[in-house]
Engineer: 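My questions will all concern the structure given below.
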Amino acid sequence: MTFKHNFKKVLSATAFAAALVVAPAANVSAATNDASSTQQSATATSQDQQASQDQAASQSSAANQSSSTSTSSATSTSTVKKVAKKTKKTSKKKAVKKVAKKTTKKKATKKAKKTSKKSTKAATAAVTASADQSQATDQQDDAAKRAAEAAAKKAAAAKKAAAKKKAAAKKKAAAKKKAAAKKKAAAKKKAAAKKKAAAKKKAAAKKKAATKKKSAEKAAKYWIAMRESGGYYTARNGSCYGRYQLLISYLGGDLSKKNQERTADRYVYGRYGSWVNAKRFWLAHNWY
């Protein structure tokens with residue numbers, strides 16, 4: 001009986017410790033009250049055991065006294081019977097009281113076990129719910145973190161693609177601009193070359209025309225000289241003198257070849273504009 005009582009006491013203490021570890025504040029308070037009532041029941045049980053031992057000692061003492069006094073007198077025998085009857089009655093009352101206490105103790109222990117079991121179950125459920133909630137929160141945090149990382153990665157990829165596209169467009173524009181500049185430079189160079197060629201051609205044509213004109217002028221001048229004097233610088237016909245039969249007054253007293261050439265050119269270019277025109281006039285009038 002003592003071993004069973006100690007086992008129940010240990011079991012209650014274990015339930016109380018488990019409730020203290022995992023149960024909420026309300027369950028811990030309930031477990032504390034149950035443990036306190038269990039301890040009080042244990043104390044009452046110990047007192048009952050001590051009373052039973054005292055009663056047994058009293059009964060033994062009473063029996064001894066009865067034995068010793070039975071031989072001495074009848075009066076003491078009667079007294080012993082009364083004492084024994086009273087002791088028996090007291091023992092019966094104590095036994096009933098002990099049974100009532102034991103029943104109360106069993107009920108309290110059962111109630112404590114039930115309460116401890118409920119507290120442990122509630123604490124376990126609370127811990128499980130808390131763990132589930134924590135796991136769900138962690139999963140939500142992980143999902144949010146993954147979503148944020150995916151969004152950041154997507155934004156970085158879009159930014160990189162935009163930068164790449166912008167760089168490609170810039171490169172293409174630069175290449176287009178360079179090609180346009182090159183084409184413009186080529187066109188300018190071609191135009192310059194064409195202009196230069198045209199200028200060269202014009203200069204050549206002008207030179208050719210000048211050469212041709214000079215040749216025509218020279219030929220016309222020679223033709224007139226041959227018609228006027230036969231080509232002699234000393235030919236004279238009245239008041240006209242020299243290769244071109246100019247008036248002597250035009251020569252100003254200088255009859256040299258050089259002065260005759262210079263004076264003839266001045267006269268023809270001043271009067272006709274050219275020796276070709278002078279020849280044309282001569283052909284029409286036989287003089288110039």
Engineer: I need the full list of salt bridge (charged side-chain N to carboxylate O under 4.0 Å, His left out) pairs touching residues 202-221, with sequence neighbours left out, sorted by first then second residue.
Structural biologist: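 Counting only pairs at least two positions apart or across chains, the salt bridge (charged side-chain N to carboxylate O under 4.0 Å, His left out) contacts touching residues 202-221 are Lys221-Glu261, Lys221-Asp265.
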Engineer: So, taking the atom named OH in Tyr288 and the one named CG in Leu283, what distance separates them when rounded to the nearest 0.5 Å?
Structural biologist: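 If I round to the nearest 0.5 Å, the distance is 13.5 Å.
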Engineer: Between Val268 and Ala278, which heavy-atom pair has the shortest distance, and what is it?
Structural biologist: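 Looking at all heavy atoms of both residues, the shortest contact is CG1-CB, 3.8 Å.
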Engineer: Given the rule in the side-chain contact (heavy atoms from CB on, under 4.5 Å) test, do Lys258 and Arg262 qualify, once you have shown the distances and angles that lead to the verdict?
Structural biologist: CA-CA 6 Å; Lys258 188 175 182 181; Arg262 183 169 55 245; 3.8 Å; yes
Engineer: Is there a donor-acceptor pair closer than 3.5 Å between any side-chain N or O of Asn259 and the backbone N or O of Asp254?
Structural biologist: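 Yes: the side chain of Asn259 pairs with the backbone of Asp254.
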Engineer: Within this structure, what is the CD1-CZ distance for the pair Ile248 and Arg236, rounded to the nearest 0.5 Å?
Structural biologist: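 It comes to 4.0 Å.
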Engineer: Just to verify, what does Gln135 make a side chain to side chain contact (heavy atoms under 4.5 Å, CB included) with, not counting sequence neighbours?
Structural biologist: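 With neighbours one apart ignored, the set is Asp132, Gln139.
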Engineer: Going by salt bridge (charged side-chain N to carboxylate O under 4.0 Å, His left out), name the pairs with one or both residues in residues 267-288, residues two or more places apart or in two chains.
Structural biologist: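 Those involving residues 267-288 do not exist here.
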Engineer: Determine whether a donor-acceptor pair (N or O, by modelled atom type, separation under 3.5 Å) exists between the side chain of Arg243 and the backbone of Ala225.
Structural biologist: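 The answer is no, because no donor-acceptor pair under 3.5 Å joins these two groups.
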Engineer: Does the side chain of Cys240 reach to within under 4.5 Å of the side chain of Leu247, using non-hydrogen atoms?
Structural biologist: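 In short, these two side chains touch, coming nearer than 4.5 Å.
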Engineer: Once ring pair (Phe, Tyr, Trp, His ring centres under 6.0 Å) is applied, what residue pairs with a partner in residues 239-261 remain, sequence neighbours excluded?
Structural biologist: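 For residues 239-261: Tyr244-Trp275, Tyr250-Tyr267.
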Engineer: Side-chain heavy atoms under 4.5 angstrom apart, residues restricted to Ile, Leu, Val, Met, Phe, Trp, Tyr: same cluster for Leu246 and Met226?
Structural biologist: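 Not linked; separate clusters.
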Engineer: So which pairs with a foot in residues 181-224 pass ring pair (Phe, Tyr, Trp, His ring centres under 6.0 Å), sequence neighbours left out?
Structural biologist: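 Pairs touching residues 181-224 that pass the test: Trp223-Trp282.
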Engineer: Using the side chain to side chain contact (heavy atoms under 4.5 Å, CB included) criterion, which residues pair with Ala235? Sequence neighbours excluded.
Structural biologist: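 Once residues adjacent in sequence are excluded, the partners of Ala235 under the side chain to side chain contact (heavy atoms under 4.5 Å, CB included) criterion are Ser229, Tyr232, Gln245.
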